[in-house]
Amino acid sequence: TLTRGFREARDRLRGVTSFSEDNLAEPLREIRMSLLEADVDLTEVRTFLDAVKQRCLGSEVALRTGKRGKRQRVSLSDRFTKACYEELCQLLGADAEEVAPRRGARTLMLLGLQGTGKTSSAAKLALHLKKGGERPLLVAADVHRPAAIEQLRVLGAEIEVEVFHGGSSDAAEVCRLAVAHAAERGLDSVILDTAGRLQIDENLMDELDRIAEAAPPDLSLLVCDAMMGREAVNVARGFAERRRLDGLVLTKLDGDSRGGAALAIRQATGVPIRFISVGEAPDRLEPFQAEGLASRILG
Amino acid sequence: LHGRRELDAKTLDEIENLLFGADLGVRTADDLLGIARDAGSPDRVKERLQARALEILQATEGEPGSDPECGGPPRVVLVVGVNGSGKTTTVGRLAALARTRGERVLIAAADTFRAAAIDQLAVWAERAGVELVRGSPGGDPAAVAFDAVEAALARGVDLVLVDTAGRLQTHAGLMDELTKISRVIGRKLPGAPHEVLLVLDANTGQNAIRQAHEFSRAVGVTGIVLAKLDGTAKGGVVLGIAQEVGIPVRFVGIGEGLRDLCEFDAEAFVRALFA
Ligand SMILES: Nc1nc2c(ncn2[C@@H]2O[C@H](COP(=O)(O)OP(=O)(O)OP(=O)(O)O)[C@@H](O)[C@H]2O)c(=O)[nH]1
Ligand SMILES: Nc1nc2c(ncn2[C@@H]2O[C@H](COP(=O)(O)OP(=O)(O)OP(=O)(O)O)[C@@H](O)[C@H]2O)c(=O)[nH]1
Ligand SMILES: [Mg+2]
Ligand SMILES: [Mg+2]
């Protein structure tokens, strides 16, 4: 289904031979509504619309091969749609390389707000790496949430990946022991599942620093819920200011939230989206593709 | 807004930024922007916005379900919502709240799907000092709810809290499952569930309005629990829900501890929203 803005573009730009401030006004207004409803931050919306306007006004006449090999002009409304997609894809970042399976010790740390999907993503990541030939180790570093350790143990058992837990009631110590354990056994990726925390919670942000000190992460992945609203920018910045972030995992994309928060997070932190989670089952983790998310955000 | 002389375009622009940044529904944001524009002067904007927001929230009070017409104990409360929003934690705290009022409470572990969901709820049941009715993992959630209501009737329990598995409204099969759970409860005790609480993560954006619509369609939501309000998100989306779906907020979650669930205070909420 075409988003209102594209439909508007089709109506306004029918039979028109060139873009103008005038005939772009309505389509851009509709796209604006569409983006605001998709949770894209207002500042991002304005930047985006200006960029699209520039692309359209500055573009050359495009030709394509139509029926019977005749060279035809691409309709203005198609060009408008294309401009929107291209601009959004560029903003979202070209498909970031996924976390590729590789042999050898390394530490991956998952962090983020409460309930975003860290524990389930940890298991999914472990399965992804295991399928790629690795022997990963899951680490139950959430010593706060009731039955969090048990949750990871059950998930680990389901995918037949070892789960390290216990040894201490201190999260950093658990991680330190886990890395040592992995080294002893010659395991590959050590995946740290940490407790959900607020970026403004000093005690828990300190805990994250101590975990990182005890088990220095090679990759830190921020796990974000795709249905987040405008606060996504502040949350992501809050985490990015304390920890170097190497990637984003966007979860619950099997829902119907448009996922505009992803654009805001990307713009605010520059962190590439590495994976998307599209379901609860352990195989529902996919590498990120800008095209898919762009068309979803545009509606 | 402080120190601004007049409501010029730049000021209105900033107000618009503020409103959209609070996750209000797009329609609600426009409604409030209109209020701001008509306020006349910058220092009257805040109080006008707060007044209008309060009006929107209070319009939902006294909707059916807010004062359960109970034929007698037990009162049955079904807790629903999307994955990770805070349902299980909310159930634990609701149980604790009810106990401070001297009520006899039973919790039903009707999330038979997610890893360690029953174990997690068991910890909360213990913290709140209440009993847990459970089934077998992977079993029928409606059967657990049924058993809990049956047990409550037999033992003269005042309140039954039913925790359910998280589900996204896009999964029709799971929404049907929820409808079935509610229907089975009603068969055991006509009129039940007396309350259906949708637990909403305060960080959620516009999708919250869709959640309210869809969950309402499946099980008739009577109230919202706004969880994680101790974070930086303001949960403004409940204004959009109030305007478009007419559901009131009943409780707010302000932390992860046993005492961190309070009754909703609309005035405090709108003050914080437009601080
Ligand atoms: N539908 C759907 N559900 C998901 C997805 N990812 C995670 N979930 C569910 O979201 C809920 C929360 O996931 P968890 O992995 O427990 O989240 P968490 O971040 O570890 O939570 P805390 O440790 O409490 O902060 C669970 O019900 C998961 O099954 C997804 O991509 N789609
Ligand atoms: N900071 C904060 N965290 C909360 C609040 N309510 C719940 N949480 C946390 O959010 C996370 C998810 O809570 P759960 O109760 O497991 O959520 P759920 O809806 O039952 O999740 P699923 O059953 O997997 O769908 C946990 O880490 C909770 O401690 C709150 O009010 N404030
Ligand atoms: Mg977890
Ligand atoms: Mg739960």
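Worth knowing before you read on, the calculation uses all heavy atoms, side chains too, and leaves out hydrogens, waters and symmetry mates. Here is how names work: the chains are called A, B, and so on, in the same order as the sequence lines, proteins then strands, and each is numbered from 1.
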Indicate yes or no: at least one non-hydrogen side-chain atom of [X] is less than 4.5 angstrom from one of [Y].
X: B:L168; Y: A:M227; result: yes
X: A:K252; Y: B:N207; result: no
X: A:D254; Y: B:H171; result: yes

With only heavy atoms counted, which part of [X] is less than 4.5 Å from chain A, the side chain, the backbone, both or neither?
X: B:D230; result: both
X: B:Q211; result: side chain
X: B:V82; result: side chain
X: B:Q120; result: both

Region of [X] in contact with chain B, defined by heavy-atom distances below 4.5 Å:
X: A:R197; result: neither
X: A:R153; result: neither
X: A:L152; result: neither
X: A:D41; result: neither
X: A:D201; result: neither
X: A:L36; result: both

Worksheet item: For the candidates B:N203, B:D119, B:T88, which exhibits the highest count of non-hydrogen atom pairs separated by less than 4.5 Å from chain A?
Response: B:N203

Please report the closest heavy-atom contact between [X] and [Y], naming both atoms and the distance.
X: B:V26; Y: A:M33; answer: CG1-CE, 3.3 Å
X: B:A115; Y: A:V154; answer: CB-CG1, 3.7 Å
X: B:K228; Y: A:Q114; answer: NZ-O, 3.1 Å

Fill in: Heavy-atom pair count under 4.5 Å with chain B, highest-scoring of A:A147, A:A38, A:P146
A:P146

Worksheet item: Taking A:E158, A:Q151, A:H144 one by one, which has the highest count of heavy-atom pairs under 4.5 Å against chain B?
Response: A:Q151

Discussion item. Is it the case that the side chain of A:D39 and the backbone of B:Q206 share a donor-acceptor pair, with hydrogens and angles ignored and the cut-off at 3.5 Å?
Written reply: yes

Worksheet item: B:T232 side chain to A:V235 main-chain N or O, any donor-acceptor pair under 3.5 Å?
Response: no

